[in-house]
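Note that the coordinates shown come from a computational prediction; the quantities given were computed from them, not determined experimentally. Throughout, protein chains are lettered first and strands after them, A, B, ... in sequence-line order, and every chain is numbered starting at 1.
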2 protein chains.
Amino acid sequence: MRLTTKGRYAVTAMLDLALNAENKPISLADISRRQDISLSYLEQLFSKLRQQGLVSSVRGPGGGYKLSRDAEAICVAEIIDAVNESIDATNCGGSGNCSDGQICLTHHLWCDLSDQIHQFLSSISLAGLVARNDVREVAERQNRERDREQTLEFIGAGGA
Amino acid sequence: MRLTTKGRYAVTAMLDLALNAENKPISLADISRRQDISLSYLEQLFSKLRQQGLVSSVRGPGGGYKLSRDAEAICVAEIIDAVNESIDATNCGGSGNCSDGQICLTHHLWCDLSDQIHQFLSSISLAGLVARNDVREVAERQNRERDREQTLEFIGAGGA
DNA sequence: TTATAGTTGACTAAAGTAGTAGGGAATTAG
DNA sequence: CTAATTCCCTACTACTTTAGTCAACTATAA
């Protein structure tokens with residue numbers, strides 16, 4: 001089982017999309033700035049998210065990505081699956097040929113664990129996250145920081 | 001978060017100990033044969049398990065490893081922690097400096113997930129696993145296979 | 001027509017996994 | 001005593017994944 005920066009970045013970026021969606025697409029450059037994630041890396045992640053039908057893209061100036069469904073209808077488990085292959089905890093991928101073609105001693109344990117994790121992450125939608133107080137607070141802080149950075153850029157203190 | 005063959009091997013090996021313990025120590029060579037895990041790799045894992053006080057060792061002929069506590073008092077979470085560092089799902093290790101020194105959008109989500117997994121794996125003891133039907137069945141099959149292999153060795157059909 | 005923004009593919013450094021190899025050191029059965 | 005057994009320890013390695021860079025290309029809006 002893997003749960004690394006890859007899956008966490010994907011969820012964070014999708015949440016950023018859900019938070020900042022005002023009907024218009026959001027560019028990866030914006031997400032990159034707000035969430036401090038490498039732009040090129042985001043491109044790779046969103047390529048997979050698009051293939052899985054979680055987001056749709058608009059090219060050209062003013063373009064970007066939008067959620068392709070309501071935030072209520074996208075759960076965290078889907079997002080991690082989309083970029084990470086699986087959140088399966090077994091070694092055999094659930095097939096049961098773990099130990100020399102036969103089921104291993106702990107096969108059912110890992111199946112149970114996989115179910116637990118999957119149920120938990122399936123029960124959490126982007127809309128559910130958006131509604132959380134701790135998420136709103138972080139989002140507001142990020143918007144304040146971004147506004148300040150833009151001001152600094154404008155008066156010439158930020159760039160080269 | 002990591003849950004790989006390493007942690008699974010450790011739990012499987014500890015369960016083998018719990019199943020086959022008849023007061024006398026079990027050699028890693030036995031576990032290696034029964035569970036089809038490389039002996040050298042088992043040695044590395046048991047080095048950590050011993051450092052964490054989960055098993056105690058007896059050297060010399062007839063030696064091996066024993067659980068250093070009752071099987072009721074050893075949970076799966078401990079075993080994985082012992083070999084794997086942690087089953088923490090956050091990027092920051094729980095410290096909260098995930099994104100540029102500040103808490104990230106999804107920090108609390110990963111904390112909640114870590115709690116879920118930890119609670120689940122803490123609720124399962126080796127004794128609990130030993131009592132499961134699916135575990136007993138696999139263990140019996142493994143014992144049958146081992147007996148057959150020993151017979152083959154004895155009549156000279158197995159070795160060099 | 002030009003800057004913007006997505007799309008794609010190749011590449012890379014670093015880290016972790018799953019081992020292998022080989023030499024010890026303690027202990028005990030014979 | 002000695003030889004076999006078993007734990008103990010270190011170093012090494014092939015492989016995979018992660019996280020990220022770079023460069024070229026396509027669509028599109030202003």
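A:S38 has a side-chain polar atom (N or O) that falls below the 4.0 Å cut-off from OP1 or OP2 of D:dT21. Between A:T4 and D:dT17 there is no side-chain polar atom (N or O) within less than 4.0 angstrom of OP1 or OP2. The phosphate of C:dA18 (OP1 or OP2) has a side-chain N or O of B:T5 nearer than 4.0 angstrom. Between A:S27 and C:dG6 there is no side-chain N or O to OP1 or OP2 distance below 4.0 Å. Listed pair B:R50 / D:dT6 fails the phosphate criterion, with no side-chain N or O lying under 4.0 Å from OP1 or OP2. Using a 4.0 Å cut-off, some side-chain N or O of A:S57 falls inside it from OP1 or OP2 of C:dT7. In this model, the phosphate group of C:dT17 is approached by a side-chain N or O of B:K6 to a distance below 4.0 Å at OP1 or OP2.
Following rounding to the nearest Å, B:L42 (CG) and D:dC7 (P) show an atom-to-atom distance of 10 Å. Rounding to whole angstrom units, NZ of residue B:K66 and C1' of D:dC7 are separated by 15 Å. Nucleotide C:dT17 holds its C1' atom 11 Å from the CG atom of B:L45, rounded to whole Å. Distance A:L39 CG to D:dA23 P: 15 Å, rounded to the nearest Å. Between the CZ atom of B:F46 and the C1' atom of D:dC9 there is a distance of 17 Å, rounded to whole Å. Rounded to whole Å, the distance from NZ on A:K24 to P on C:dT4 is 17 Å. Separating the NZ atom of B:K48 from the C1' atom of C:dG16 is a distance of 11 Å, rounded to the nearest angstrom. The CG-C1' distance, from A:L3 to D:dA19, rounds to 15 Å in whole Å.
Residues passing the salt bridge (Lys or Arg N to Asp or Glu O under 4.0 Å) test with B:D30 are B:R33, sequence neighbours excluded. In this view, B:Q44 and B:Y41 satisfy the side chain to side chain contact (heavy atoms under 4.5 Å, CB included) rule, not counting sequence neighbours.
Residue pairs meeting the side chain to side chain donor-acceptor pair (under 3.5 Å) criterion with at least one partner in residues 49-59 of chain B, sequence neighbours excluded, are B:S47-B:Q51. The salt bridge (charged side-chain N to carboxylate O under 4.0 Å, His left out) pairs that include a residue from residues 60-69 of chain B are B:R69-B:E78, where partners are two or more places apart or lie in different chains. Sequence neighbours left out, the pairs with a member in residues 119-138 of chain A that pass salt bridge (charged side-chain N to carboxylate O under 4.0 Å, His left out) are A:R132-A:D134, A:R132-B:D112.
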*Summarise protein proximity over nucleotides 21-30 of chain C in one line of letters, 5' to 3': B for base, S for sugar-phosphate only, - for none, counting protein heavy atoms closer than 4.0 Å.*
B--BBSBB--
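Rounding to the nearest 0.5 angstrom, the gap separating the CD atom in A:E43 from the CZ atom in A:F46 is 10.5 Å. B:F120 CZ to A:I117 CD1: the interatomic distance, rounded to the nearest 0.5 Å, is 8.5 Å.
Across D:dG20, C:dG19, D:dC7, the shortest atom-to-atom separation from the side chain of B:Y41 is found for C:dG19.
Using a 4.0 Å heavy-atom distance criterion, A:Y65 is classed as a sugar-phosphate-only contact. Among the heavy atoms of the strands lying under 4.0 Å from A:Y9 are primed sugar atoms or P, OP1, OP2 only; no base atom is included.
Within the 3.5 Å criterion, the main-chain N or O of A:I37 finds a donor-acceptor partner in the side chain of A:S32.
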